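To keep things clear, I will list the structure first and then write my remarks on it.
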Amino acid sequence: MDQKLAFCKQCQKRSFDRNIGMVCSLTQRKPDFIDNCATYVADPKEVQKQADRIKEAAYTANTEKSSTGSSIWAVVVGILAIIKIIAIFARN
């Protein structure tokens, strides 16, 4: 049902019923199609919003991976520096 509602969310024929939630404006019911809706008409604004959300999520995921990798390297370099300092003092 979630996939169907996500599909309907991008349709120009979507409507909202306070008691039911998102419904089709033609049937006034929740989606009941199997694979495709024969009356689907894409809402360009909603399609663009969804595309923007996907791009933003991908960018955020890549940024988080990058900062996590940098943090790990900073910890490794810090540990190596401490080991080197301890080794210098251990010789003296």
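Quantities reported herein were computed from a predicted structural model and do not represent experimental measurements. All heavy atoms count here, side chains included; hydrogens, waters and symmetry mates do not.
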request  = Under the side chain to side chain donor-acceptor pair (under 3.5 Å) rule, collect the residues that match up with Asp32, sequence neighbours excluded.
outcome  = Arg29
Co-members of Ile86 in a cluster of I, L, V, M, F, W and Y side chains, linked at under 4.5 Å = Ile82
Pairs involving residues 13-37, ordered by first then second residue, that meet ring-ring contact (aromatic ring centres under 6.0 Å, His included) (sequence neighbours left out) = Phe7-Phe33
message = Restricting to side chain to side chain contact (heavy atoms under 4.5 Å, CB included), what partner residues turn up for Val77, sequence neighbours left out?
response = none
query = With sequence neighbours excluded, what pairs up with Asp17 under the side chain to side chain donor-acceptor pair (under 3.5 Å) test?
reply = none
query = How about Leu80: does its CG atom have over 12 heavy atoms from other parts shown lying under 6.0 Å from it?
reply = yes
ask   = Sequence neighbours excluded, which residues qualify as side chain to side chain donor-acceptor pair (under 3.5 Å) partners of Glu46?
value = Lys49
task = Determine which pairs satisfy side chain to side chain donor-acceptor pair (under 3.5 Å) with at least one residue from residues 5-15, sequence neighbours left out, and list them in order.
result = Arg14-Asp43
note = Contacts of Leu5 meeting side chain to side chain contact (heavy atoms under 4.5 Å, CB included) (sequence neighbours excluded), chain-then-number -> Met1, Met22, Lys30, Pro31
note = Joining Ile, Leu, Val, Met, Phe, Trp and Tyr whenever any side-chain heavy atoms lie under 4.5 Å apart, the cluster holding Val41 also takes in none
query = For Ala81, which residues count as a side chain to side chain contact (heavy atoms under 4.5 Å, CB included) partner, sequence neighbours excluded?
reply = none
query = Among all residues two or more places apart in sequence or in another chain, which pass the side chain to side chain contact (heavy atoms under 4.5 Å, CB included) test with Gln28?
reply = Val23, Ser25
key: Test side chain to side chain donor-acceptor pair (under 3.5 Å) applied to Asp52 - qualifying residues, sequence neighbours left out   = Gln48
